[in-house]
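Below: the structure, in structure tokens.
A note on names: the letters A, B, ... follow the listed sequences, proteins ahead of strands, and every chain is numbered from 1. Below, all heavy atoms of this structure are taken into account, side chains as well, without hydrogens, waters or symmetry copies.
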Amino acid sequence: KAGVTQTPRYLIKTRGQQVTLSCSPISGHRSVSWYQQTPGQGLQFLFEYFSETQRNKGNFPGRFSGRQFSNSRSEMNVSTLELGDSALYLCASSLDISGANVLTFGAGSRLTVL
Amino acid sequence: GDSVTQMEGPVTLSEEAFLTINCTYTATGYPSLFWYVQYPGEGLQLLLKATKADDKGSNKGFEATYRKETTSFHLEKGSVQVSDSAVYFCALSGAGGSYIPTFGRGTSLIVHP
């Protein structure tokens with residue numbers, strides 16, 4: 001079956017612009033999480049959606065937002081981009097929400113802010 | 001809060017060498033423990049997991065045992081291959097009622113022929 005698909009794979013923006021990243025989860029998966037990965041901070045949790053509701057949010061400023069649609073596809077948006085937002089943004093989906101939850105990750109969207 | 005500590009990398013080995021990547025954790029309750037692997041240019045993928053104390057997770061020759069007494073989940077492989085070169089992440093979830101995973105910083109493994 002198809003894996004988690006993230007688009008675009010690469011993008012370059014300038015400071016002050018905004019960006020929208022898309023994630024299509026595995027069919028049947030209702031939970032979608034987003035992570036920011038940087039060499040300095042590692043993997044940092046952004047937010048998690050389940051059945052179109054944001055259930056958990058990490059410690060990121062309000063410039064970072066997201067949403068989930070009825071087909072479980074998700075988007076995240078970053079407004080007023082800063083140089084420090086340059087990172088690999090990873091989306092992960094899972095079948096349910098439990099402690100033994102296994103995440104399936106996409107290949108990521110690599111954002112470069114100039 | 002919950003945390004996962006992994007050994008610093010990179011770990012550099014010759015092919016067929018024995019691998020150990022240390023992972024210890026701090027958590028409330030009884031979390032599930034995971035190892036994920038990230039190959040160059042890809043996202044993370046599950047390597048193995050263990051959901052209770054003394055469980056051993058295994059996959060592709062890799063093993064890790066959930067040690068509650070030492071709060072550890074060290075990853076081992078008896079004979080590494082060049083294709084095992086990747087970044088390995090230890091993670092936990094389910095501690096204190098939260099199902100959002102906490103990841104370690106990752107350990108880069110480089111295997112030379």
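- Here the side chains of A:Asn101 and B:Pro101 are not in contact, with every heavy-atom distance at 4.5 Å or above.
- Annotation for B:Glu69: atom CD counts as buried by contact number, over 12 foreign heavy atoms lying within 6.0 Å.
- For A:Asn59, the CG atom sits in a loose shell: 12 or fewer heavy atoms of surrounding residues, nucleotides or ligands are nearer than 6.0 Å.
- Annotation: side chain of A:Phe105 is in contact with side chain of B:Tyr36 (closest heavy-atom distance under 4.5 Å).
- Of the possible polar contacts, none joining the B:Arg105 side chain to the A:Leu43 backbone as a donor-acceptor pair under 3.5 Å is found.
- Of the two parts of B:Tyr30, neither the backbone nor the side chain holds a non-hydrogen atom closer than 4.5 Å to a non-hydrogen atom of chain A.
- Proximity to chain B is absent for every atom of A:Gln44, based on heavy atoms less than 4.5 angstrom apart.
- Under the 4.5 Å side-chain heavy-atom criterion for grouping Ile, Leu, Val, Met, Phe, Trp and Tyr, A:Tyr89 is not connected to A:Tyr35 through any hydrophobic cluster.
- By the rule that hydrophobic residues join a cluster once side-chain heavy atoms approach within less than 4.5 Å of another member, B:Val111 and B:Phe62 end up as members of one cluster.
- Here OG of A:Ser31 is found 6.0 Å from OH of B:Tyr99. Values are rounded to the nearest 0.5 Å.
- The 12-atom threshold is not exceeded at CD of B:Glu16, counting heavy atoms of other residues, nucleotides or ligands nearer than 6.0 Å.
- You'll find the side chain of A:Leu103 stays beyond 4.5 Å of the side chain of B:Leu46, heavy atoms only.
- Summarising the local packing, CZ of A:Arg15 is surrounded by 12 or fewer heavy atoms from other residues, nucleotides or ligands at distances under 6.0 Å.
- Ranked by heavy-atom pairs under 4.5 Å with chain B, the list A:Leu90, A:Leu88, A:Val102 is led by A:Val102.
- Aromatic ring centres of A:Phe45 and B:Phe103: separated by at least 6.0 Å.
- The two residues A:Ala107 and B:Gly41 make their nearest non-hydrogen contact at CB-O, 4.2 Å.
- Annotation: A:Lys57, atom NZ; neighbour count of heavy atoms from other residues, nucleotides and ligands within 6.0 Å is above 12.
- For a residue to count as touching a neighbouring chain, one of its non-hydrogen atoms must lie under 4.5 Å from one of that chain's; by this rule A:Arg110 does not touch chain B.
- Hydrophobic clustering (side-chain heavy atoms under 4.5 Å, transitive across Ile, Leu, Val, Met, Phe, Trp, Tyr) groups B:Met7 together with B:Trp35.
- The shortest distance between side-chain heavy atoms of B:Ile100 and A:Glu48 falls below 4.5 Å.
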